[in-house]
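These numbers were taken from a predicted model, which means no experiment stands behind them.
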Amino acid sequence: MVVASGTNVFAKEMAIRKRIAGIYNKREEDFPSLREYNDYLEEVEDMIVNLIEGIDVPAIEARIAQYQRENAEQIMNAQARKAEEYAAALAASKGQLQQTGADLQSSSQAGTSGTVAQGQYAPAVAGGGIAQPRPVGMGPQPIPLGSGHDMFEYEDEETMKLRAEKAARAGGWSVEISKKRAIEEAFASIWI
């Protein structure tokens with residue numbers, strides 16, 4: 001397999017993980033014990049890390065090819081099971097959409113509006129995909145007591161200086177440090 005160049009390590013890792021996950025796709029219920037499943041996951045993760053780091057790649061590729069030959073039927077069954085689960089989820093989401101549409105029609109026939117209550121979530125489907133919730137309207141928002149600018153309007157100059165000094169100290173800055181640095185830089189430039 002040709003993998004993306006080393007300039008984008010993240011893309012390389014994601015490509016390797018996707019490829020390996022398509023081949024090594026067993027689930028916990030496929031194993032007699034949790035220990036065996038965890039050992040399987042650890043072995044797969046070790047192979048992924050070694051492929052990403054470029055450690056013993058030919059041997060790992062040979063193991064992957066052998067695993068694919070020996071477990072081709074299981075791999076196909078797992079992919080089919082995943083496709084069936086995806087189709088069931090899609091059908092369930094479409095069923096919810098149809099039910100929501102029927103609810104909206106019945107509520108509009110009863111004389112109420114067919115809109116979703118403010119701050120609630122409504123399914124959004126673009127191009128017939130799986131319904132993803134999206135926010136509708138805005139919920140109640142907190143009312144600000146006053147902006148920061150209004151707060152400083154009534155302060156005198158001394159209070160503003162004190163506030164600025166406290167903010168500088170909270171950020172780790174002090175007048176003494178800046179004076180010391182200025183003196184060091186001035187004397188350091190004399191000897192050049």
Side-chain angles (χ1 to χ4, degrees), residues 1-109 112-142:
M1 174 183 166
V2 177
V3 181
S5 66
T7 58
N8 192 350
V9 178
F10 179 74
K12 176 182 175 182
E13 180 177 347
M14 290 298 102
I16 290 171
R17 286 188 179 279
K18 184 176 180 180
R19 176 177 165 244
I20 298 299
I23 298 167
Y24 288 88
N25 53 12
K26 290 184 179 179
R27 298 182 180 181
E28 185 176 351
E29 57 263 12
D30 296 333
F31 292 90
S33 70
L34 180 61
R35 177 72 181 169
E36 290 180 25
Y37 177 62
N38 287 336
D39 290 343
Y40 169 78
L41 291 178
E42 187 173 343
E43 178 184 344
V44 171
E45 188 63 28
D46 288 342
M47 286 192 305
I48 291 172
V49 169
N50 288 342
L51 285 173
I52 292 169
E53 298 295 324
I55 301 169
D56 203 19
V57 174
I60 294 172
E61 290 293 340
R63 279 177 52 195
I64 292 170
Q66 180 183 358
Y67 181 85
Q68 276 182 305
R69 284 190 303 272
E70 292 174 356
N71 299 301
E73 187 175 334
Q74 289 178 350
I75 293 170
M76 293 297 283
N77 288 340
Q79 289 173 347
R81 178 173 51 191
K82 187 175 180 181
E84 288 173 359
E85 289 171 355
Y86 179 74
L90 182 61
S93 68
K94 284 185 178 181
Q96 286 177 340
L97 287 176
Q98 291 170 353
Q99 182 181 10
T100 304
D103 291 345
L104 289 176
Q105 288 176 354
S106 65
S107 66
S108 64
Q109 290 172 356
T112 60
S113 67
T115 60
V116 178
Q118 186 173 358
Q120 299 296 316
Y121 283 89
V125 177
I130 295 178
Q132 295 292 323
R134 64 177 173 83
V136 176
M138 293 291 290
Q141 298 293 317

Between CG on residue L41 and CD on residue E43, distance to nearest 0.5 Å:
10.0 Å
Enter the distance from L51:CG to D46:CG here, rounded to the nearest 0.5 Å.
11.0 Å
Shortest non-hydrogen pair, G22 vs I75, comes out as O-CG2, 3.7 Å
If you round to the nearest 0.5 Å, how far is CD of Q74 from OH of Y67?
6.0 Å
Between F31 and N38, is there a side-chain heavy-atom distance shorter than 4.5 Å?
no
Between the side chains of E53 and K12, is the shortest nitrogen-to-carboxylate-oxygen separation below 4.0 Å, so that they form an ion pair?
no
Minimum side-chain heavy-atom gap N50-D56 below 4.5 Å:
no
Min side-chain heavy-atom separation E61-M47 under 4.5 Å
no
How many angstroms lie between CD1 in I23 and CG in N71, if you round to the nearest 0.5 Å?
11.0 Å
Holding to salt bridge (Lys or Arg N to Asp or Glu O under 4.0 Å), I want the full list of residues that pass it with D39, two or more places apart in sequence or in another chain.
R35
Enumerate the salt bridge (charged side-chain N to carboxylate O under 4.0 Å, His left out) contacts for residues 68-83, please, sequence neighbours excluded, ordered by first and then second residue.
D30-R81
Supply the atom-to-atom distance I52 CD1 to R17 CZ, rounded to the nearest 0.5 angstrom.
5.0 Å
Please round to the nearest 0.5 Å and tell me the distance separating atom OH of Y24 and atom CD of Q68.
8.0 Å
Taking atom CD of E42 as the centre, report whether more than 12 heavy atoms of other residues, nucleotides or ligands fall under 6.0 Å from it.
no
